[in-house]
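Lettering of chains follows the sequences in order, A, B, ..., and the numbering in each one begins at 1.
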Amino acid sequence: MNDTTRIQLKTIVERAVRPVRASSSRKQKMREELLAHVSGVYEEESAKPGGDQAALERTALRFGNPAEVTNQLEESVPVGDGLLQFWEGRPGESKWRGAFRFIWVGAAVCLALLGIALFAAGLVRAWSREELLAVSSGRDFLPLWVFQMPFVLAGFTLVMCWMERSLRGGPPLGDRRRTGLIRSFASAWAEPATRVAMTGGGLCLFALFTLLHISANWPAQPTGRDYLAMSLAVAPFTGGWAAASVFCAWIFARSAAERRWHHAEWSSLPLGPSL
Amino acid sequence: MEPINGDKLRGHLEAMLLSTLERGGAHGLEILHRLEEAGCGLLRLKEGSLYPALYRLEAADEVKAVWETETHGRKGARRRIYTLTAKGQRKLDAGRVEWRQFVKVLGGILGASA
């Protein structure tokens, strides 16, 4: 099968899938599976007499009316996919818009987790009056969640954007995604730009976490304590967090880069009239 | 005999898909071949309609799907292999009972018992 035929087969699929209101990842799965199907059908049809163009026409005919398939595909999308659509954003949206959405969704998830943790803590052992006052007045928790969390999320998001940018320049990720998380990570590490993003991002996060740790403990520091010594003491802890954050950022960056690459590949197909 | 097309199949497609998977896991095109074979070439299904039905069955946990590992030269396009789950098997059994009842009732009315 040559590239022209492959593009025509992709067009048959895309006529049905593009108008479907579903998350990018769901549409990606639909496209891949339907493309595999029409490729198989085309192989069957091209074995019959009549030439390649006739085989393509018969393939399109067997596939059915794209508008009908679109409706049926849309009906098969579960309600929960709406959340995924929101999380993934519009295909082809700007990097900054995506980063901003990631930050505020991340903050909302963190606050929800905090609420659940506080509620669970209250269930395990009833809050004392002092504890309740400390939490509700924000003396203990607000500084941590309101002042530190935005820095952590913003830092994480910037590192993620950096990594996504580095992945975008490399080869398509389609095959990497199938090799498993660790092997895929090793494969990404082999790319110089991604390696720089991972190392640089990790160091930035390490510095950020160390600064946040110092600032969080600032009023409690005994006079004359050496902050460098304190930073070194917490280095394994902040370093571990930075490494884990880099790995998580890479997972998000990988799927975002994959979605962008996939969108660029399929959205450029000229649909034109049906065969 | 006149071919049986999409309109006549509507409402029975999911049960038929479950039935084909009773013979073992298969990808979409193989499922179609099994349907055609079982229908003696009289089934005329628009092939794009097969996948929405499979997705619905998957969402209902009546079939399970896994991506195949090899693309067999299809340049990145993988197929998914569908298998029947225990829930799907129960649904199929229930569907068969309903179908027998349906045929019995309609056969009685039309004077053409199966």
Side-chain angles (χ1 to χ4, degrees), chain A residues 1-3 5-7 9-10 12-13 15-17 20 22 26 28-45 58-81 172-180 261-262 265, chain B residues 3-14 17 20 25-37 39 41 43-83:
Chain A
M1 185 191 304
N2 59 35
D3 284 346
T5 306
R6 187 176 153 78
I7 287 170
L9 292 175
K10 282 168 86 171
I12 293 173
V13 170
R15 280 197 190 103
V17 177
V20 175
R26 181 167 288 273
Q28 190 173 331
K29 285 177 191 167
M30 288 175 182
R31 283 169 176 138
E32 184 168 355
E33 187 172 24
L34 291 175
L35 179 61
H37 179 87
V38 293
S39 301
V41 172
Y42 175 77
E43 279 168 23
E44 288 178 6
E45 293 298 334
R58 287 195 297 269
T59 303
L61 201 65
R62 277 177 62 173
F63 187 71
N65 180 350
E68 279 177 26
V69 178
T70 300
N71 289 338
Q72 290 167 353
L73 285 172
E74 203 158 287
E75 282 167 13
S76 74
V77 175
V79 179
D81 190 70
L173 300 165
D175 292 333
R176 275 191 213 156
R177 284 170 66 86
R178 295 166 198 163
T179 56
W261 175 81
H262 185 84
E265 182 193 7
Chain B
I4 305 168
N5 63 21
D7 290 336
K8 290 173 192 164
L9 291 175
R10 197 162 293 148
H12 307 293
L13 180 60
E14 291 181 9
L17 295 179
T20 58
H27 54 77
L29 196 54
E30 172 65 21
I31 291 172
L32 272 170
H33 289 157
R34 286 182 189 178
L35 277 174
E36 282 172 6
E37 189 188 319
L43 287 179
R44 290 282 183 272
L45 180 68
K46 289 297 177 191
E47 299 183 10
S49 303
L50 172 77
Y51 290 90
L54 285 169
Y55 297 155
R56 285 195 299 273
L57 289 172
E58 190 186 7
D61 204 22
E62 287 160 7
V63 298
K64 196 174 69 180
V66 288
W67 289 103
E68 68 177 3
T69 47
E70 291 296 320
T71 60
H72 304 290
R74 284 185 307 277
K75 278 196 177 176
R78 292 172 300 166
R79 297 182 293 206
R80 293 172 91 206
I81 310 295
Y82 293 89
T83 48

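- For the pairing with B/Glu47, the side-chain contact (heavy atoms from CB on, under 4.5 Å) check across A/Leu34, A/Leu61, A/Val38, A/Val41 returns one residue only, A/Val41.
- Heavy atoms of A/Glu44 lying under 4.5 Å from chain B belong exclusively to its side chain.
- To the nearest 0.5 Å, the span separating CZ on A/Arg62 from CG on B/Leu32 amounts to 7.5 Å.
- Inspection of non-hydrogen atoms places B/Tyr55, B/Arg56 of residues 54-61 of chain B under 4.5 Å from chain A.
- Between B/Tyr51 and A/His37, some side-chain heavy-atom pair lies under the 4.5 Å cut-off.
- At least one side-chain heavy atom of A/Glu32 sits less than 4.5 Å from a side-chain heavy atom of B/Arg78.
- Taking all atoms of both residues into account, the shortest heavy-atom contact from B/Ala77 to A/Ala36 is CB-N, 3.7 Å.
- The minimum heavy-atom distance linking B/Pro52 with A/Ser76 is given by the pair O-CB, 3.6 Å.
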